[in-house]
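Order of the sequence lines fixes the chain letters, A, B, ..., with proteins taken first and strands second; residue numbering starts at 1 for each chain.
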Amino acid sequence: MTAQPRLVGFACRWCSYAGADLAGTSRLEYPASVHLIRVPCSGRVDPAFVIRAFQRGADGVLVAGCHPGDCHYASGNLFARRRFALVKRFLEYLGLEPERFRLEWISAAEGRRFAEVIREMTADLERLGPNRKLREDP
Amino acid sequence: MTDHQAALRDIAAKLLGGGQVATFIGFRAGLDPSRPVPHFVRDASGAGALVINPFCGAGLARHVLEALEDGPVGILVRGCDGLGLERLIADGRVTRERLHLVAVACRGAVDPARARAILGRIPERAEVDAQSVALIAGEERRSVPRDSCLLGRCLSCVDPSPRLADTWLGEPLPSGQRDFEAVTRMERQPAEARYAFWSRQFQRCIRCYACRNVCPACSCRSCSLDDPELQERATGLADQFGFHFTRAYHVAGRCVACGECQRACPMKVPLSLLNEKFLKDIRDLFGVADPHRPSATEPLACYRPDDLESCRGEAR
Amino acid sequence: MRLLPSERLAEFRECLAAGGRLYGPVEVDGIVRFEELGGRLPAIEPGNPANSLKSFLHPQTEVVFDFEGGYTDVALRVPGPPAAQAIFGVRPCDAVALERVSRVLLAEPFADESYRQRREMTAILTVACREAGPHCFCRSVGVSPADGRGSDVVLYPADDHYLLEAVTARGLSVLLSAGALLDPAGDEAARAACQSTPVPPVRGLEREDLPARLEAAPYHPHWEELARRCLGCGACTFLCPTCYCFAMFDTVRGTRGRRSRGWDSCQFKDYAMMAGGHDPLPTRASRIRRRFLHKLSRFPAVQGESACVGCGRCAAACPVGLHLAGVLSELEEVLR
Amino acid sequence: MNPLVPQVATIQAIREETPDVRTFTVRPDDGRFPPYRPGQCAMLSLFGVGESMISITSAWSPETALEFSVKRAGRVTSALHQAEPGHKVGVRGPYGNSFPVDRWVGGNLLFVGGGIGLAPLRSVINHCLGRRAEFGRVDIVYGARSPRDLCFRQELFETWPSVAGVGVQVTVDAADAEWRGPVALVPPFLEGLKPEAAGTVAVTCGPPVMIRYTLQALGRLGFPDDRVFTTLELKMQCGVGKCGRCSIGSKYVCIDGPVFSGAELKQLPAEY
């Protein structure tokens with residue numbers, strides 16, 4: 001297990017992905033072990049993708065989208081909000097660690113917020129230790 | 001229920017004879033009297049093979065998909081079948097006009113394996129009422145509690161009668177409200193106990209896909225669970241968690257709680273306990289009173305601007 | 001022949017467990033399955049556990065090899081040999097099934113090496129049947145409730161003891177290792193009792209012309225009728241002790257990966273579909289027909305015996321009652 | 001040794017035959033591959049992607065590497081088309097029976113191929129041309145969807161026609177601006193050529209529907225079933241007669257085939 005937890009982030013291309021860019025160009029510090037996957041909208045993310053990320057070795061998964069009211073497609077993030085509320089509770093129900101998953105709203109202007117979320121999550125994941133329950137190693 | 005057998009045969013014969021339907025879906029006797037099988041009657045003269053009794057356990061809704069290829073379908077419908085058909089109609093897979101629903105109220109179906117274990121031999125008949133079940137073989141008649149021999153899904157059933165009907169056999173029974181008691185009990189367990197419980201259940205899974213194939217909400221022509229990118233064939237514990245997560249989530253908001261998945265599971269994985277968790281949370285988080293009954297707007301295909309922001313981050 | 005008094009069953013179990021991992025039928029969460037026995041005694045009930053012996057010899061999934069490397073450099077690592085195991089509380093039909101499957105998997109020149117190794121490291125301790133289970137029909141397919149084929153040791157139950165017979169050299173060494181627990185036996189009544197255990201016949205199966213009649217009616221409309229009822233799941237095939245079909249698949253994590261194989265079912269819709277879309281088994285009816293003809297006609301044509309052993313698992317498992325015995329009695333009627 | 005574990009091999013060369021067919025020259029890293037006969041196949045795999053049963057297009061000799069002509073069709077073959085020389089592949093085999101060439105000695109040979117179906121025929125054609133003196137006339141009839149889908153152009157238009165007593169006839173289903181040859185589907189084209197059936201063995205391979213109509217055409221031309229051969233292709237997972245996938249009747253295509261005579265084919269259910 002690497003020292004730093006592996007964090008996979010599904011980032012909306014209209015906001016959070018640009019937010020991550022801003023964090024980079026503003027030279028804000030955040031853990032380098034985050035792997036961002038650009039998606040057209042947080043509403044595009046099937047919870048099966050989240051599970052897949054865990055199985056393939058993620059210690060934590062972040063889905064990041066636009067603030068309510070700001071969705072490029074008007075409402076994708078609001079569908080995502082309902083969906084991932086259920087997912088989070090379901091992970092807990094199965095006895096998995098719901099803290100490993102977060103849905104966050106990060107706008108294109110919130111580079112600082114992006115760095116903060118990544119730092120927070122990484123700290124949480126360090127406390128939790130490596131994902132063992134959902135990781136499937138060949 | 002058995003009293004309606006003659007009327008059912010009559011109605012099926014008339015529908016088929018009059019050309020209103022091309023197929024009538026019901027049950028006929030199996031090799032063993034306690035295991036009737038789904039049956040597809042194609043002409044009026046075959047209607048005499050139809051049976052209806054408390055051993056009729058299989059859900060029939062899913063079978064309309066293929067039968068409709070031959071023309072309009074008549075079908076025997078209990079509460080659970082009705083919800084399944086509502087699901088297929090809401091999903092746009094079936095048009096209401098091509099179905100003739102022969103409705104009957106159901107007090108519960110007997111699990112043939114449990115009944116045989118109680119009786120020590122194959123039961124020939126059964127009578128189910130609101131309080132108990134009578135199992136009958138030869139001269140022997142034994143009255144036992146409902147929870148000792150009914151299918152699990154029937155014990156928590158709150159929809160004995162279908163909401164859609166074209167013809168009624170007898171009278172409908174009143175419907176109730178799900179209490180999600182089993183889910184609540186599970187939620188109260190410590191996390192490690194829940195993990196241990198589900199690990200034990202999922203480890204048994206043989207990935208036969210009966211749960212999916214029997215499900216009226218799983219009628220997609222192309223399924224995520226067949227996509228090797230989303231669901232590998234491997235059967236390690238994490239793969240099994242992933243499989244059951246994805247199956248349950250992909251019917252969340254559309255599951256009608258008919259319990260067919262759990263009935264069909266040859267490894268007795270308590271799949272309803274997964275589906276019901278989603279139903280309960282949909283009720284609690286989104287204020288949907290009866291989330292298992294299909295409605296014009298699916299709970300996950302809509303939103304409210306004032307959906308609790310707190311349901312985003314916290315697990316509870 | 002040896003005699004094991006019933007009260008020494010737990011000691012006998014300990015003796016078996018000393019030789020490796022020990023599995024047997026146990027009831028957990030309301031279902032009887034072969035599982036690791038631990039401190040439990042095998043649940044010997046009429047009929048069969050839900051899963052079959054193949055879980056231990058031809059497992060649901062297994063590693064063929066692991067690999068590591070990139071496009072231009074790769075190293076393979078083949079898993080080591082399997083550990084010794086014993087399965088205690090098997091029914092005769094299951095052991096016979098193993099013998100049938102072995103004819104295919106061990107056929108030269110390409111004997112299935114991992115199956116062969118597992119088979120060599122596995123002791124099969126069969127308990128003959130004094131009572132048929134609810135779905136049993138072994139006698140209709142040429143298997144007896146006291147059948148010893150495929151077993152290493154057969155235990156014939158009597159009221160207060162078991163009569164033990166070693167069928168193979170491996171079985172003999174098992175009995176030798178448990179020698180202290182066993183009495184020399186005189187009375188063979190227990191075996192005779194099992195040999196005459198009644199098992200209800202299945203109409204149609206006993207006809208010698210069955211394969212020919214099935215092959216002669218490949219497009220009989222009844223196959224379509226069955227297809228309407230069938231859900232296309234793999235429960236019957238995965239629980240069947242003689243179904244051996246498997247698929248191979250790769251999984252990758254970065255520079256490491258694995259090629260595995262796992263059960264596959266001829267009832268799945270992509271079973272025979274080729275790249276490009278051509279499918280020799282395009283309909284559910286064609287796949288059902290394939291399964292029944294393989295069991296009752298095509299496997300017997302090559303191996304001389306039925307590929308159904310009458311264990312009844314398909315009858316217990318099929319969500320719509322579409323199982324071999326039931327289908328056969330339906331076909332018997334429509335093909336008449 | 002586990003028969004499901006492949007030898008590691010290296011792609012040495014890749015030749016583009018058509019827009020969707022490439023021929024891969026593959027040499028096992030340990031330098032050894034068992035001798036194989038014309039018509040046999042091997043399991044070719046990419047690690048992390050999967051395996052496909054591919055017929056060996058080359059004719060065996062101790063020095064040559066294996067050649068596989070692969071049409072891009074599914075997951076594995078698409079990935080193979082992305083591969084480059086130097087990349088590692090897995091190879092195991094050879095599998096299956098082969099063309100009973102020795103029984104054909106003294107006769108005329110008629111090869112009828114369609115599309116990528118020329119790949120298995122190529123190995124037996126080159127094998128027979130290597131023993132040219134043992135056979136009479138050799139005719140090769142080949143067709144593809146369009147001129148750009150014709151495989152093995154060099155052999156088709158240069159090498160084979162230059163051998164004495166060898167005739168090559170090429171047709172396409174649909175012509176393009178440059179094509180001046182015949183335009184016809186293979187089965188009617190073949191029937192139009194009226195090949196002499198007496199003393200001739202016919203060997204055909206192509207897409208399933210082409211095989212079906214070609215067999216019928218050969219029947220009408222007077223070829224008896226036991227002097228007609230074809231090679232079948234079904235989905236395979238193991239290649240060694242275990243996985244059940246390629247079963248057809250009581251035969252497995254991977255070990256009892258892929259080569260079947262017309263007479264044998266008539267004994268099998270039409271599930272190919």
Give the interface residues of residues 87-94 of chain D toward chain C, defined by a heavy-atom separation under 4.5 Å. D:H87, D:K88, D:R92, D:P94

Please examine the side chains of C:D264 and D:Q237, heavy atoms only from C-beta on, and report whether any two atoms are closer than 4.5 Å. no

Partner chain D: residue of C:R116, C:E113, C:H294 with the largest heavy-atom pair count (under 4.5 Å): C:E113

Spell out, as yes or no, whether a donor-acceptor pair under 3.5 Å connects the side chain of C:R290 to the backbone of D:I248. no

Can you tell me which portion of D:V8 sits under 4.5 Å from chain C's heavy atoms? Options are side chain, backbone, both or neither. side chain

When heavy-atom pairs shorter than 4.5 Å are enumerated against chain D, which of C:F249, C:Y271, C:Y115, C:F67 gives the highest number? C:Y271

Among D:S250, D:C243, D:P3, the residue with the most heavy-atom pairs under 4.5 Å to chain C is D:C243

Other residues, nucleotides, ligands: >12 heavy atoms within 6.0 Å of C:R21 CZ: no

Counting heavy-atom pairs under 4.5 angstrom with chain C, the leader among D:S52, D:G241, D:C238, D:S247 is D:S247

Taking side chain as everything from C-beta outward and backbone as N, CA, C, O, which of these in D:P6 sits under 4.5 Å from a heavy atom of chain C? Side chain, backbone, both or neither. both

Relative to chain D, which segment of C:V64 carries a heavy atom at a distance below 4.5 Å: side chain, backbone, both, or neither? both

I need the minimum non-hydrogen distance between C:P280 and D:L234, along with the two atoms involved. CG-CD2, 3.5 Å

Is there side-chain contact between C:H278 and D:E233, with heavy atoms separated by less than 4.5 Å? no

Of the listed D:D29, D:V209, D:V5, the one with the largest count of heavy-atom pairs under 4.5 Å with chain C is D:V5

What part of D:L46 lies closer than 4.5 angstrom to a heavy atom of chain C: side chain, backbone, both or neither? backbone

D:R15, CZ atom: more than 12 neighbouring heavy atoms under 6.0 Å: yes

Can you confirm whether D:R153 is buried at CZ, in the sense that more than 12 heavy atoms of other residues, nucleotides or ligands lie under 6.0 Å from that atom? yes

Closest approach of D:K242 to C:A107 (non-hydrogen atoms, all atoms of both residues): NZ-O, 2.8 Å

To the closest 0.5 Å, what do you measure between CE (C:M248) and CG (D:L4)? 4.5 Å

Give a yes or no on this: more than 12 heavy atoms of other residues, nucleotides or ligands lie within 6.0 Å of atom CZ of C:F292. yes

Chain D heavy atoms under 4.5 Å from C:D73: which part of the residue, side chain, backbone, both or neither? backbone

Could you look at D:M236 and say if it's the side chain, the backbone, both or neither that has a heavy atom under 4.5 Å from chain C? neither

Measuring heavy-atom distances to chain D, does C:F65 have an atom under 4.5 Å in its side chain, in its backbone, in both, or in neither? side chain

Under 4.5 Å from any heavy atom of chain D, what part of C:A111 do you find: side chain, backbone, both or neither? backbone

Find the one option among C:E215, C:R259, C:Q117 whose heavy-atom pairs under 4.5 Å with chain D are most numerous. C:R259

So which residue, C:L105, C:L293, C:V302, C:D112, ends up with the most heavy-atom pairs under 4.5 Å with chain D? C:L105

With chain C as the partner, which of D:P208, D:G239, D:S78 has the greatest number of non-hydrogen pairs under 4.5 Å? D:P208

Per-residue contact mode, C:R103 against chain D (heavy atom under 4.5 angstrom): neither

Using non-hydrogen atoms only, which part of D:T10 is less than 4.5 Å away from chain C: side chain, backbone, both, or neither? neither

Find the distance between NZ (D:K235) and CE (C:M273) and round it off to the nearest 0.5 Å. 8.0 Å

For C:K295, does the NZ atom sit with more than 12 other heavy atoms under 6.0 Å from it, leaving out its own atoms? yes

